[in-house]
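Naming: A, B, ... by sequence-line order, numbering from 1 per chain.
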Amino acid sequence: MDYFYNNKGVGIVLGLIKTIQDNKDYLSEIDGALGDGDHGINMNKGFTLCKERLTADVTDFSKALKTLGRVLLMEIGGSMGPLYGTFFIEMSKKCADKETIDKNTFKEMIEAALNGISTLGKAKVGDKTLIDTLVPAVEAYNKALAEGKDFSGALIEMKAAAEKGKDSTKDMVAKIGRASRLGERSRGVLDAGSISCYLIIASISDSIKALLES
Amino acid sequence: MDYFYNNKGVGIVLGLIKTIQDNKDYLSEIDGALGDGDHGINMNKGFTLCKERLTADVTDFSKALKTLGRVLLMEIGGSMGPLYGTFFIEMSKKCADKETIDKNTFKEMIEAALNGISTLGKAKVGDKTLIDTLVPAVEAYNKALAEGKDFSGALIEMKAAAEKGKDSTKDMVAKIGRASRLGERSRGVLDAGSISCYLIIASISDSIKALLES
Amino acid sequence: MQRIINDPDKVVEDMLEGFLKVHKDLVVKTDNPRTIKYKNAPVEGKVGVVTGGGSGHKPAFIGYTGRNMLDAVAVGEVFSSPTAKAFYDAFRAADSGKGVACLYGNYAGDNMNVKMAVDIAEEDGIEVKTVVANDDVASAPITEREKRRGVAGEIFMWKIGGAKAAKGGSLDEVIAAAQKAIDNTRSVGIGLTSCTIPAVGKPNFKIENGTMEVGIGHHGEPGIKVTELKTADEIAQIMLEIILPDYPFVAGDEVAVLLSGLGATPVMELYILYSKVEALLQERGIKVHRSYVGNYFTSLEMMGATLTIMKLDNELKDLLDMEADSIGLKQF
Amino acid sequence: MQRIINDPDKVVEDMLEGFLKVHKDLVVKTDNPRTIKYKNAPVEGKVGVVTGGGSGHKPAFIGYTGRNMLDAVAVGEVFSSPTAKAFYDAFRAADSGKGVACLYGNYAGDNMNVKMAVDIAEEDGIEVKTVVANDDVASAPITEREKRRGVAGEIFMWKIGGAKAAKGGSLDEVIAAAQKAIDNTRSVGIGLTSCTIPAVGKPNFKIENGTMEVGIGHHGEPGIKVTELKTADEIAQIMLEIILPDYPFVAGDEVAVLLSGLGATPVMELYILYSKVEALLQERGIKVHRSYVGNYFTSLEMMGATLTIMKLDNELKDLLDMEADSIGLKQF
Ligand SMILES: Nc1ncnc2c1ncn2[C@@H]1O[C@H](COP(=O)(O)OP(=O)(O)O)[C@@H](O)[C@H]1O
Ligand SMILES: Nc1ncnc2c1ncn2[C@@H]1O[C@H](COP(=O)(O)OP(=O)(O)O)[C@@H](O)[C@H]1O
Ligand SMILES: [Mg+2]
Ligand SMILES: [Mg+2]
Ligand SMILES: [Mg+2]
Ligand SMILES: [Mg+2]
């Protein structure tokens, strides 16, 4: 199949939540090098709270995304609340009325998510933020589609590009957020948000691939 | 000679000052074990200030003692200000009108000093304070006089008893002042005030002996 | 981590519970557990004045709620922006129909959450205008002023905005006064020790003994440089050399000075530092109209201080001198 | 030692200089550099109210000078009693001919210096009577109450004595009110970290990480026991178990509660602790009439807190509720 059923996709969000929970300490540790060491805490708090809200009546991928986005936006605060909140809400909007989600719907979803997060956060590629993961990931996905790859193939490209994007932040000098005060001192370490963003993309990609293959 | 001239005795006070200055850190360190670690600072401040006040017109031992006592009483505060202030003022009173100071005058001086400090501080032998140095020192001096010893001989006895008195505080449990809160935990360490008191007695004793022999 | 807390993930909830018990004569809760308000808010006929920010800065932010001060405050996690919802609920709690001035600090999270809250409020017909404090000179060069953070200068912004609103100023007038206050204000911090966010459990940066971080931010953001620890007199000099040319403040100016401890520095030391600050200002012909010295805007248990100077004109003087009743600032 | 100071041996002088600059509208100097007074002291027709104590406890002691509070204060070195002369000069500064109430804490040095000052004042025809605060339950068993130290309960003693004097009470009435206040008051401290006297340069005691000292004194005097660091809720319980039976406080009582940080504990944590204190009091049927939470009586940069509870009757309630204008306590 080259699509999956919206009402089979709640597990994708559950997988996301687990990924963030598992990486809580790692994300905080990375944030400690350049930021204030709370990225894992912030992310874990939001995603865990979302899990509690994913009641039995949330049966669709789109609804689960909306719940996650809402919780982040409304109840988490910080930068991550609005940024990832917007990310997931934008994703959910693009598939809210779909019974099935194919590679083109997913394209619209991640483009809307990227668009929302960029408009809000105003970070650009090279600023050493999660945008450095997200932009190449979306580009790689689109390119794969343009080259005629199937959904799974494009997801593989997306994940690989996200990883490269994340790694690219290592040599960057932070230009935005608290780390920007460090100037040259910020070089040589990965950006925490670029890692959480990679983890999210990787988890979504793996979960959808598994669904497509099932 | 078994007496010395009042107007030759300013050096005794200068010697005292130097002794306290030299032992500043040691006294604070000892105080740190049971108290708040400032005994050397308090003592040094008072005695150093006195040195500045010992102007050219202070030519007598009695006047130098009075200056020292006044500075301590008026400008130092804490416990040491009033206690040692009283100590030196009482000493000075008993020799203010003397041209020479012999062993009997000195007896009156140290008895008045002890009396003043006891009335004010209300500490008793065994409370682990400077009183544990002072009481045996005065007793030993008086005993030596009763036994017919000369001034120098009595001073030697006084100093030796002061040292023993100081050492006796090691096995005591503090019953007064901040250290008393420690209860049994205060055993095993010398009391800071008993050391400064020993240093004072030893310095006076040595200085007078030198005067008597000169 | 030597902390008097229960669950490290619940410090803000637990703190608010105690705070509302102690200050019930001044501050009350709203239906949002992360939004508190002045007991008389919304004050009939008055523009609402609102702020919000991360926790751990006591008495900021909630401690400046009160008469002639803030009407409602959105409360974030430790060192983390409140949610858009908390800001939105603060707008609702403060609005008497005259509109709301949201006076907050320039942090990425706060910018985003305020923006979303303003959007929702607009849909609901609540008019909200904002002023963004950017008094922290060390956080970016003057050429990139839009990047500068808000620090203790926010207190002056709130005081001025709160007073203007209390005097019956319109929303635009309140915004203009608060904007002028922050435009006239410059701050710089120096850090001597780091601090530990309870939920993190360990210090997230380090200042070596014997050194100090010049230009440190309110969450320990790195400053301009790390130097050996100087004397109070030298520190006063260093801080003024950063602040004074930036505005600039010149002979003949009248200023308000706020010298806040970062938490653990004994207040005794703030007075020592202030003494030299005032002396140096005097030397330059700058007159201190009012000074505030104490723990006005802290960063948990960091040692260090923030110096804030606001240039005054007649309007600002008037507004600054007005009575105010809040936990952090009481003036009668 | 991460300190903002100049000469460590001159911190008190330097501090006072800054203090007097900042608070010149409330506090002024006297001819003794170690004695400060309320700008309107001696207040015509009013009994003078005086205290004195070591430095390093900001806002205590000098921060409680002001209207309806203290008229003059003798200032000691860090953690060390002021001189007899400073106390004497405080008596002179406060006396309008109605006599002076010297309300101070039970420390050996203060006892001696006050005694000598009172003797000199008597010779000069100034009538001085004293009350010695001994609210620190952990500093000696109840059977040796005369050995107990005064801690943050002194603030209640000053507030009550200051109000009584302001209401026109005679010296004996002021003394009686202040004595009742302290007799009705019990305190206990817990310490989480130590502190460093600037002139000493290193901490003079140690509290291991993960432990706390129950019953610690205001200069780090050892307490009743060292235990593992408990949660805020457990600490509230421990503190109340020490305080409540000692007076005792029982169901139906109305009390004032003061919870002061020792310096470096973030105020956030004090609110967390207070919340449980009030809940536990309520459980026992004890009603909190007024509460004060913040840094009211510190010990340089120690972490920890002192809990103080005063049982109220109508007179004490009246006096406690009276307006007061001082740096540390403002009530309108
Ligand atoms: N404007 C922005 N746009 C995109 N990402 C951002 C922006 N600002 C910060 N970030 C990301 O946020 C991460 C930090 O998140 P977190 O630690 O949770 O928040 P905070 O910085 O408030 O403590 C950074 O690593 C960066 O990737
Ligand atoms: N009541 C007293 N009588 C005699 N000596 C005392 C009394 N109280 C304290 N001392 C002495 O004072 C010493 C401590 O002095 P110091 O450290 O200078 O003062 P503080 O205890 O105020 O810090 C103790 O070691 C003890 O010998
Ligand atoms: Mg962070
Ligand atoms: Mg001592
Ligand atoms: Mg953060
Ligand atoms: Mg001392």
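- Enclosure of atom NZ in Lys175(B) by more than 12 non-hydrogen atoms of other residues, nucleotides or ligands within 6.0 angstrom is indicated.
- The most heavy-atom pairs under 4.5 Å with chain B, out of Ile197(D), Asn113(D), Ile224(D), Asp110(D), come from Asn113(D).
- Atom NZ of Lys103(B) sits in a crowded spot, with more than 12 heavy atoms from other residues, nucleotides or ligands closer than 6.0 Å.
- Summarising the geometry, atom CD1 belonging to Ile176(B) is positioned 7.5 Å from atom NZ belonging to Lys147(D); distances are rounded to the nearest 0.5 Å.
- The contact between Asp136(D) and chain B is made entirely by side chain atoms (from C-beta outward), counting heavy-atom distances below 4.5 Å.
- Of the listed residues (Ser28(B), Gly32(B), Gly40(B), Ser79(B)), the greatest number of heavy-atom pairs within a distance under 4.5 Å of chain D belongs to Ser79(B).
- Taking CG of Asp36(B) as the start and OG of Ser194(D) as the end, the distance is 12.5 Å to the nearest 0.5 Å.
- Summarising the local packing, CD of Glu111(B) is surrounded by more than 12 heavy atoms from other residues, nucleotides or ligands at distances under 6.0 Å.
- Not one N or O on the side chain of Thr83(D) forms a donor-acceptor pair closer than 3.5 Å with the backbone of Glu75(B).
- The CD1 atom of Ile76(B) sits 13.5 Å away from the NZ atom of Lys85(D) when rounded to the nearest 0.5 Å.
- Contacts between Leu120(B) and chain D at a heavy-atom distance below 4.5 Å involve backbone atoms as well as side-chain atoms.
- Options Gly76(D), Ala86(D), Ser139(D), Gly220(D) differ in how many heavy-atom pairs under 4.5 Å they form with chain B, and the most are formed by Ser139(D).
- For Lys122(B), no part sits under 4.5 Å from any heavy atom of chain D, backbone or side chain.
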Salt bridge (Lys or Arg N to Asp or Glu O under 4.0 Å) between Glu221(D) and Arg185(B), intermediate numbers included: CA-CA 12 Å; Glu221(D) 293 91 339; Arg185(B) 284 196 266 170; over 6 Å; no
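- Closest of all the heavy-atom pairs between Met112(D) and Gly121(B) is SD-CA, 4.1 Å.
- Interface summary for chain D: among Gly78(B), Pro82(B), Gly37(B), the most heavy-atom pairs under 4.5 angstrom belong to Gly78(B).
- A heavy-atom distance below 4.5 Å is found between the side chains of Met116(D) and Thr86(B).
- The environment of CD in Glu144(D) is crowded: more than 12 heavy-atom neighbours from other residues, nucleotides or ligands sit within 6.0 Å.
- Put simply, CG on Asp9(D) and OG1 on Thr48(B) are 9.5 Å apart, with the number rounded to the nearest 0.5 Å.
- In this structure, Lys209(B) places its NZ atom where more than 12 heavy-atom neighbours from other residues, nucleotides or ligands lie under 6.0 Å away.
- Ranked by heavy-atom pairs under 4.5 Å with chain B, the list Ser80(D), Gly109(D), Ala199(D), Pro222(D) is led by Pro222(D).
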